[in-house]
Amino acid sequence: MANRLPSKVFLAALLTLSLFTEAQAADPTFCRQYVRAALNQVRGGLSNPACAAGLQGTRWSSDFAVHYEWCLGTSVAATEGETDARTRYLRGCSSR
């Protein structure tokens with residue numbers, strides 16, 4: 001019985017973690033709104049010559065699917081972090 005306790009504790013912790021992770025994933029409706037906002041930021045950056053050169057990586061993709069698929073697999077907090085990072089960059093390059 002003593003040998004089974006650590007494995008039961010491990011399995012319970014693993015199950016709890018997997019449920020928590022699933023509960024944190026963003027839903028499709030939220031993700032569509034997130035992508036619209038992200039693409040607006042990307043278009044704004046591309047239209048500003050002071051910003052356009054620095055738009056590198058998937059954060060600045062103009063592809064709906066790139067942002068949408070990422071959003072579906074992450075948390076709302078992570079999407080807020082990406083939005084904030086884009087906002088900070090755009091404010092910084094626009095003030096030059």
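Between L55 and Y89, some side-chain heavy-atom pair lies under the 4.5 Å cut-off. Put simply, the side chain of H67 does not reach to within 4.5 Å of the side chain of D63, judged on heavy atoms. Contact annotation: the side chain of W70 never approaches that of T58 to less than 4.5 Å [non-hydrogen atoms, C-beta and beyond].
Heavy-atom minimum distance, G45 versus C51: O-CB, 3.6 Å. In terms of heavy-atom proximity, W60 sits nearest to V42 at O-CG1, 3.4 Å.
A side-chain donor from one of T87 and Q41 sits under 3.5 Å from a side-chain acceptor of the other.
Rounding to the nearest 0.5 Å places CZ of R59 at 7.0 Å from CZ of R86. The CG atom of L46 sits 10.0 Å away from atom CG of L39, with the distance rounded to the nearest 0.5 Å.
Proximity of a side-chain donor or acceptor of S94 to a complementary backbone N or O of R91 within less than 3.5 Å is not detected. Checked by atom type and distance alone, the side chain of T74 never pairs as donor or acceptor with a backbone atom of C71 at under 3.5 Å.
Applying the side-chain contact (heavy atoms from CB on, under 4.5 Å) test to R32 and every residue at least two apart in sequence or in another chain returns P28, T29, R36, F64, Y68.
V35 and V66 fall into different hydrophobic clusters, where Ile, Leu, Val, Met, Phe, Trp and Tyr residues are linked whenever their side-chain heavy atoms come under 4.5 Å apart, directly or through other members.
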